[in-house]
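Read through the structure below, which is laid out as structure tokens, and then see the notes.
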There are 2 protein chains.
Amino acid sequence: MTAPAQPTPFPVSPRTRARRMPERVSHIDAEVYRILDAAMLCHIAYVVEGQPYCTPTIHWRVGDRLYWHGSSASRMLRSQHDQLPVCLTVSHLDGLVLARCGFNHSVNYRAAMCFGTAAAVEDADEKARALHVMLERFYPGRDAALRPITPPELKATSVVGMTIDEASAKVRAKMNADHPEDISVPVWAGVVPVQTVIGEWQPCPHNVPDAHREGLESYAPGARLDEVFTRLAR
Amino acid sequence: MTAPAQPTPFPVSPRTRARRMPERVSHIDAEVYRILDAAMLCHIAYVVEGQPYCTPTIHWRVGDRLYWHGSSASRMLRSQHDQLPVCLTVSHLDGLVLARCGFNHSVNYRAAMCFGTAAAVEDADEKARALHVMLERFYPGRDAALRPITPPELKATSVVGMTIDEASAKVRAKMNADHPEDISVPVWAGVVPVQTVIGEWQPCPHNVPDAHREGLESYAPGARLDEVFTRLAR
């Protein structure tokens with residue numbers, strides 16, 4: 001077992017410096033990773049011929065490297081063979097914050113913005129390894145029980161990797177914050193929490209009775225998805 | 001009451017044309033709006049000095065116009081006074097799709113990508129109206145009970161509007177899709193559904209016993225957030 005790494009701040013530039021509410025912002029790697037690792041879905045901003053695109057996709061992390069994948073034919077992945085600057089963002093909506101004036105309404109959230117240069121993983125071995133890591137990260141132990149990936153499938157899949165150059169984490173996790181002079185306004189104030197949870201599994205009708213379920217145990221119906229992903233990322 | 005508008009496709013260009021899995025893609029406005037209206041959170045891609053940013057924020061819709069807001073000081077809003085091209089994306093993760101080979105693993109999702117040119121709403125009346133519409137969209141009837149917005153608060157808030165020029169909706173909502181020759185692989189296959197639900201309200205300790213709750217009735221603990229937002233958008 002290796003000792004846990006010391007929390008270290010990412011470098012800060014005008015891209016990631018907090019311009020407002022600095023108390024909500026951190027550049028510490030562990031804070032950024034905590035938000036990334038609690039999610040499967042991210043949104044990636046990139047530019048093709050001057051046009052920004054915002055593409056949702058699945059991501060996974062190995063140290064300070066982020067990975068995502070997709071069909072070799074997709075626009076983003078094709079253009080990213082050219083080493084594109086990207087911003088990869090993960091957000092969690094945690095609650096609606098009701099205040100006594102419109103201005104103080106807010107939401108509770110956790111968001112991580114990561115900046116870097118993305119490039120396709122071209123080496124076949126490295127690509128296969130990355131896809132294995134993706135499966136293991138979400139469903140540990142499952143890959144060994146699956147029908148192995150074929151060379152045409154591997155060829156049809158692109159994997160993109162990006163080392164995080166800079167990143168920021170931004171969190172609001174508190175009650176409503178009304179001005180003292182508004183406290184007497186007689187409206188309900190407080191927080192309406194929001195959680196993403198796992199529902200009842202829908203089995204394929206072709207499943208055999210003793211089908212291999214390794215890697216799925218964590219996804220218990222009713223469990224919080226962000227907590228499951230966090231636990232599995234450790 | 002006006003008759004509901006005929007579903008109409010947005011124009012299609014290389015930005016929004018489906019390059020793969022065209023069966024998952026629609027350009028019909030009603031399909032795009034259904035995905036947008038089921039969410040509060042969106043992610044916006046925009047470019048400042050060649051650098052793409054992906055910013056999460058709250059959005060709301062009036063016909064084919066999208067709005068978002070924030071502090072007048074924020075980078076995105078400042079740069080958007082210059083009429084920036086943006087891509088605004090809303091995504092819902094609906095389930096994890098477990099297949100019998102790695103290649104056929106997937107997720108169920110709904111995603112809408114909207115392209116347009118964003119500009120700050122400069123007129124004070126229009127800005128105040130847009131902020132009122134935002135509150136009414138999420139909490140109908142609440143704004144009238146709040147302490148009214150002050151001129152300094154209005155000045156400190158930027159509202160950005162964007163007419164949707166092009167958009168696409170992309171949906172996967174089905175079971176695992178294994179190759180017939182993989183059916184005998186004895187792993188559990190199927191869908192693990194994911195839902196975002198409302199938790200137990202956390203009241204401000206200063207609430208009065210008969211505090212005005214209009215606009216909050218829909219947010220019942222246990223209710224699905226996307227269904228509440230959809231209902232309130234009608």
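Quick caveat, the model's predicted, so the values are computed rather than measured.
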I need the minimum non-hydrogen distance between [X] and [Y], along with the two atoms involved.
X	Y	answer
A:Pro203	B:Trp188	CA-CZ2, 3.6 Å
B:Ile58	A:Val107	CD1-CG1, 3.7 Å
A:Arg100	B:His206	NH2-C, 3.5 Å
B:Val197	A:Val197	CG2-CG2, 4.0 Å
B:Pro52	A:Phe115	O-CE2, 3.7 Å
A:Gln51	B:Val86	NE2-O, 4.2 Å

For chain A, which of [options] has the most heavy-atom pairs under 4.5 Å?
options	answer
B:Leu131, B:Ile198, B:Leu225, B:Leu96	B:Leu96
B:Asn104, B:Leu41, B:Ile183, B:Ile149	B:Ile183
B:Leu88, B:Val47, B:Val90, B:Leu98	B:Leu98
B:Met40, B:Gln195, B:Arg213	B:Gln195
B:Asp178, B:Val208, B:Asp182, B:Thr150	B:Asp182
B:Cys87, B:Gly50, B:Pro221	B:Cys87

Item to check | Part of B:Pro14 within contact of chain A (heavy atom distance under 4.5 Å) | outcome: backbone
Next on the checklist: Report which part of B:Ala111 has an atom under 4.5 Å of a heavy atom belonging to chain A: side chain, backbone, both, or neither.
Outcome noted: side chain
Item to check | Any A:Asn176 side-chain heavy atom under 4.5 Å of B:Gln202 side chain | outcome: no
Next on the checklist: If you define the side chain from C-beta out and look only at heavy atoms, does anything of A:Arg147 sit under 4.5 Å from B:Glu181?
Outcome noted: no
Checklist entry - Passes side-chain contact (heavy atoms from CB on, under 4.5 Å), B:Met113 versus A:Thr55? Steps please. => result CA-CA 8 Å; B:Met113 288 177 79; A:Thr55 297; 4.1 Å; yes
Who among [options] has the most heavy-atom pairs with chain B under 4.5 Å?
options	result
A:His105, A:Glu49, A:Met175	A:His105
A:Val187, A:Thr196, A:Val194, A:Thr89	A:Val187
A:Glu200, A:Arg224, A:Lys170	A:Glu200
A:Gly102, A:Cys101, A:Ala99, A:Ser184	A:Cys101

Next on the checklist: Using only non-hydrogen atoms and a strict under-4.5 angstrom cutoff, which residues of residues 132-143 of chain B touch chain A?
Outcome noted: B:Leu135, B:Tyr139, B:Arg142
Checklist entry - Between the main-chain N or O of B:Pro56 and the side-chain N or O of A:Ser91, is there a donor-acceptor pair closer than 3.5 Å? => result no
Next on the checklist: Under the rule for ring-ring contact (aromatic ring centres under 6.0 Å, His included), what residues qualify as partners of A:His43, not counting sequence neighbours?
Outcome noted: B:His43
